[in-house]
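All residue numbers refer to positions in the sequence shown, counting from 1.
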Amino acid sequence: MNSLSFLTLGAASGNASGYSGIILIVLMIALMYFFMIRPQQKQRKQHQEMMNELHKGDEVVTIGRLHGKIDTVNKEDRTVTLDCEGIYLTFDMVAIARVVKRAADESKDDSADKATAEDDKPAESADKAADSAEKSEDDKTADDSSTDDETK
């Protein structure tokens with residue numbers, strides 16, 4: 001309410017009204033830039049970077065929510081061929097909404113799984129040795145108890 005009365009008072013004074021109107025318009029344009037245009041430019045830049053990094057084997061989702069794995073990427077025509085469970089479909093690169101899983105991530109995951117599997121092998125053998133030692137101790141105590149029962 002106070003801001004409206006300030007603007008009407010400024011309009012009444014004549015000279016100040018011209019400046020307040022220009023300031024108001026500049027302020028509205030600046031707000032539009034920071035809340036609408038700039039975030040859209042950032043999003044467009046991120047999408048462009050994602051499209052430039054598409055490789056064979058990446059799992060993607062299209063703008064039509066079709067899930068598939070990239071079979072070929074044609075950067076000259078800006079097209080992508082998707083393998084959707086044996087059906088090959090060609091799309092424009094801009095039709096790719098997001099990348100679900102990168103092909104490079106899969107190879108990293110496989111190598112990480114192999115590394116953890118190799119790390120687990122010595123631990124498993126140590127666990128097996130400890131289990132066998134416990135079993136032999138249990139067998140000894142069981143043998144001792146059975147001999148005690150027989151003597152009674």
Side-chain angles (χ1 to χ4, degrees), residues 1-140:
M1 189 81 172
N2 290 334
S3 62
L4 291 176
S5 63
F6 174 77
L7 292 176
T8 57
L9 289 175
S13 66
N15 194 14
S17 68
Y19 292 124
S20 66
I22 291 173
I23 291 173
L24 185 63
I25 290 172
V26 170
L27 183 64
M28 288 177 58
I29 291 172
L31 287 174
M32 263 184 25
Y33 175 76
F34 282 110
F35 285 112
M36 294 175 61
I37 298 169
R38 191 165 179 243
Q40 186 177 9
Q41 287 175 343
K42 283 184 178 181
Q43 187 178 19
R44 187 179 309 131
K45 184 178 177 183
Q46 287 175 346
H47 190 259
Q48 185 66 38
E49 289 173 1
M50 180 204 58
M51 287 190 304
N52 291 336
E53 294 176 3
L54 291 176
H55 298 290
K56 182 177 180 174
D58 291 350
E59 293 181 17
V60 296
V61 178
T62 66
I63 56 175
R65 302 299 176 237
L66 180 73
H67 294 252
K69 188 178 271 192
I70 294 178
D71 186 55
T72 59
V73 177
N74 187 346
K75 296 211 183 231
E76 294 170 358
D77 294 338
R78 301 202 41 86
T79 60
V80 176
T81 303
L82 295 183
D83 177 10
C84 303
E85 297 180 6
I87 300 170
Y88 294 91
L89 303 168
T90 303
F91 291 95
D92 288 339
M93 279 188 167
V94 294
I96 304 299
R98 67 176 198 262
V99 177
V100 177
K101 187 184 278 188
R102 295 245 178 236
D105 291 343
E106 290 177 5
S107 63
K108 288 178 185 176
D109 291 342
D110 292 342
S111 62
D113 290 342
K114 289 178 184 177
T116 54
E118 290 173 1
D119 292 340
D120 290 343
K121 286 180 183 178
E124 288 176 2
S125 61
D127 289 341
K128 288 179 182 178
D131 289 341
S132 63
E134 288 177 11
K135 287 181 182 178
S136 63
E137 288 177 14
D138 290 340
D139 290 342
K140 287 179 184 177

Nearest heavy atoms of [X] and [Y], plus distance in Å:
X	Y	result
R78	N52	NH1-OD1, 4.4 Å
N74	M93	O-CE, 4.4 Å
C84	G68	SG-CA, 4.0 Å

Return yes when atom NZ of K56 has more than 12 non-hydrogen atoms of other residues, nucleotides or ligands closer than 6.0 Å, and no otherwise.
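No, NZ of K56 has 12 or fewer neighbouring heavy atoms, counting only those of other groups under 6.0 Å.
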
Counting heavy atoms not belonging to Q43, are there more than 12 under 6.0 Å from its CD?
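Open.
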
Hey, is the main chain of V73 close enough, under 3.5 Å, to the side chain of H55 for a donor-acceptor pair?
no

Verdict with supporting geometry, R44 and Q40, side chain to side chain contact (heavy atoms under 4.5 Å, CB included)
CA-CA 6 Å; R44 187 179 309 131; Q40 186 177 9; 3.9 Å; yes

Begin from the C-alpha positions of K42 and R38 and carry the test side chain to side chain contact (heavy atoms under 4.5 Å, CB included) through to its verdict.
CA-CA 6 Å; K42 283 184 178 181; R38 191 165 179 243; 4.1 Å; yes

For the residue pair Q46 and M50, establish whether any side-chain heavy-atom pair is separated by less than 4.5 Å.
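Side-chain contact under 4.5 Å: no.
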
Report the residue from D58, T90, L54 that forms a side-chain contact (heavy atoms from CB on, under 4.5 Å) with V80.
L54

Would you give the length of the straight line joining atom [atom1] of [X] to atom [atom2] of [Y], rounded to the nearest 0.5 angstrom?
X	Y	atom1	atom2	result
L82	I70	CG	CD1	6.5 Å
T79	L89	OG1	CG	12.5 Å
R65	H67	CZ	NE2	8.0 Å
L66	I96	CG	CD1	9.0 Å

